[in-house]
Q: 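This is the structure, below, for whatever I ask next.
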Amino acid sequence: MEGFREASNFGLGQAADTAAFHVKGASSLGWGMKDRLSRIFNPATGRTVMLAFDHGFIMGPTSGLERIDLNIVPLVQYADCLMCTRGILQTSIPANMNKPVCLRSDAGSTILTELNRNVLIDIEDVIRLNASAMAVMFSAGDGDQEAVTAANLARAADLGNRYGIPVMGVTAVGKQMARDARYFALASRVCAENGASIVKTYYCEGFEKIAASCPVPVVIAGGKKLPEKEALELCYNAVSDGAAGVDMGRNVFQSDAPAAMIQAVHAVVHDGLTAAQGYEMYCDLKG
Ligand code: 5RP
């Protein structure tokens, strides 16, 4: 004990901080889960801008994703999290960019055939790639695929719970499926009930009910390319109606100025810019 400095700073009279965790529904999760969720959702705002570029796994080389090194790598610095497949991650994203990854963790058919996700990648690969979350599709209302994708999702949640890796349930939109708040609220809620810690779905009228009835954060996909002003309105409306951010792909990488667009999206999601202010920012940066 010689030279041992006695402990004296106990903060007596000062209560320990028991403030709730900043990610919806995650207060009771373990430290590893919370750490990973905190990499995805900014603790200051509780929101995220995920850059989605996993489209190649069903579409092959699509517009804006022909060359990941040229199209996507320059945008990585502006994203809070990357959503992609392991193949693109390990071949084309420099590991020293140090971004959290929401790894596309299911596989199945391409757009050439019917919607179908029946395989999960090995959890060892998810760990090896240091993923912060696993993205797995759930296809509610699809007679052939509903049970298969629910089983995939539940299995991913089991594996994720074992290793502290959260799952993002990705609600599918098949050809015959409705695309309204009732459908997306059902699909989102089922993802959360099956263990997803994040849900990705689509913005629609009545979105506030989807977000309110889902006990975990909901992020929206951008969907097909829109004019930039409309895409920024989509982001603004979504976060105003309770979305915890966006998981956006084509409306960023197919934009006339992708770097300007992702910065404008970031400002709308995190800095409280209106859609009009975001569009002004986009035009300024593009110019
Ligand atoms: C494809 C996906 C996409 O990542 C998702 O739809 C987001 O991309 P976009 O904004 O282009 O819709 O999950 O299965």
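Just so you know, residue 1 is the first one in the sequence shown, and it goes up from there. Just follow the structure's listing: the first ligand is 1, and inside any ligand the first atom is 1.
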Q: Which ligand 1 atoms, with their elements, are less than 4.0 angstrom from a heavy-atom of Ala52?
A: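 Heavy-atom distances to Ala52 below 4.0 Å select 4 (O), 7 (C), 8 (O).
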
Q: Got a second to check how far Leu285's CG is from Gln263's CD, nearest 0.5 Å?
A: 5.0 Å

Q: Who gets closest to atom 2 (C) of ligand 1 by heavy atom: Met168, Met83, Lys200, Met59?
A: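 Looking at heavy atoms only, the winner is Lys200.
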
Q: Taking the non-hydrogen atoms of Met137, is any one of them nearer than 4.0 angstrom to ligand 1?
A: no

Q: May I ask which of Gln254, Arg250, His55 has a heavy atom nearer to atom 8 (O) of ligand 1 than the others do?
A: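 That would be His55.
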
Q: Which of the numbered atoms in ligand 1 are under 4.0 angstrom from any heavy atom belonging to Asp54?
A: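 Close to Asp54: 1 (C), 2 (C), 3 (C), 4 (O), 13 (O).
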
Q: Which atoms of ligand 1 are found less than 4.0 Å from any heavy atom of Asp247?
A: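 Ligand 1 atoms under the 4.0 Å threshold to Asp247: 7 (C), 10 (O).
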
Q: Compare every heavy atom of Arg179 with every heavy atom of Cys204, then report the nearest pair and how far apart it is.
A: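 Reported closest heavy-atom pair: CB-O, 4.2 Å.
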
Q: Do other residues, nucleotides or ligands put more than 12 heavy atoms under 6.0 Å from the CD atom of Glu205?
A: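 No, the 6.0 Å shell around CD holds no more than 12 heavy atoms from other groups.
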
Q: Strictly under 6.0 Å, is that where the ring centroids of Phe253 and Phe53 end up?
A: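 Ring centroids of Phe253 and Phe53 are no less than 6.0 Å from each other.
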
Q: Taking ring pair (Phe, Tyr, Trp, His ring centres under 6.0 Å) as the definition, give me every residue that meets it alongside Phe138, ordered by chain and number, with sequence neighbours left out.
A: none

Q: Regarding Arg128 and Asp125, does a basic nitrogen lie under 4.0 Å from an acidic carboxylate oxygen?
A: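 Salt bridge: yes.
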
Q: As an exercise, identify every atom of ligand 1 less than 4.0 angstrom from a heavy atom of Tyr202.
A: 6 (O)

Q: Could an N or O of ligand 1 be found under 3.5 Å from any N or O of Gly222, whether backbone or side chain?
A: yes

Q: If you measure every N or O of Gly249 against every N or O of ligand 1, does any of those distances drop under 3.5 Å?
A: yes

Q: Taking all atoms of both residues into account, what is the closest heavy-atom pair of Tyr282 and Ser255, and its distance?
A: OH-OG, 3.6 Å

Q: Which of the atoms of ligand 1 are close to Gly223, meaning less than 4.0 Å from one of its heavy atoms?
A: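 Heavy-atom distances to Gly223 below 4.0 Å select 9 (P), 10 (O), 11 (O), 12 (O).
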
Q: Considering only heavy atoms of Met248, which atoms of ligand 1 have at least one such atom less than 4.0 Å away?
A: 10 (O)

Q: What are the two closest heavy atoms between Gly278 and Val268, and how far apart are they?
A: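 Here Gly278 and Val268 meet closest at CA-CG2, 4.0 Å.
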
Q: Write out all pairs satisfying salt bridge (Lys or Arg N to Asp or Glu O under 4.0 Å) with one or both partners inside residues 43-63, taking only residues at least two apart or from two chains.
A: Asp54-Arg104

Q: Which ligand 1 atoms are under 4.0 Å away from a heavy-atom of Arg104?
A: 1 (C), 2 (C), 13 (O), 14 (O)

Q: In this structure, does ligand 1 have an atom that sits under 4.0 Å from one of the heavy atoms of Phe253?
A: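 Phe253: no contact with ligand 1 (<4.0 Å).
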
Q: Quick one: does Asn251 get a heavy atom under 4.0 Å from ligand 1?
A: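 The answer is no: ligand 1 sits nowhere under 4.0 Å from a heavy atom of Asn251.
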
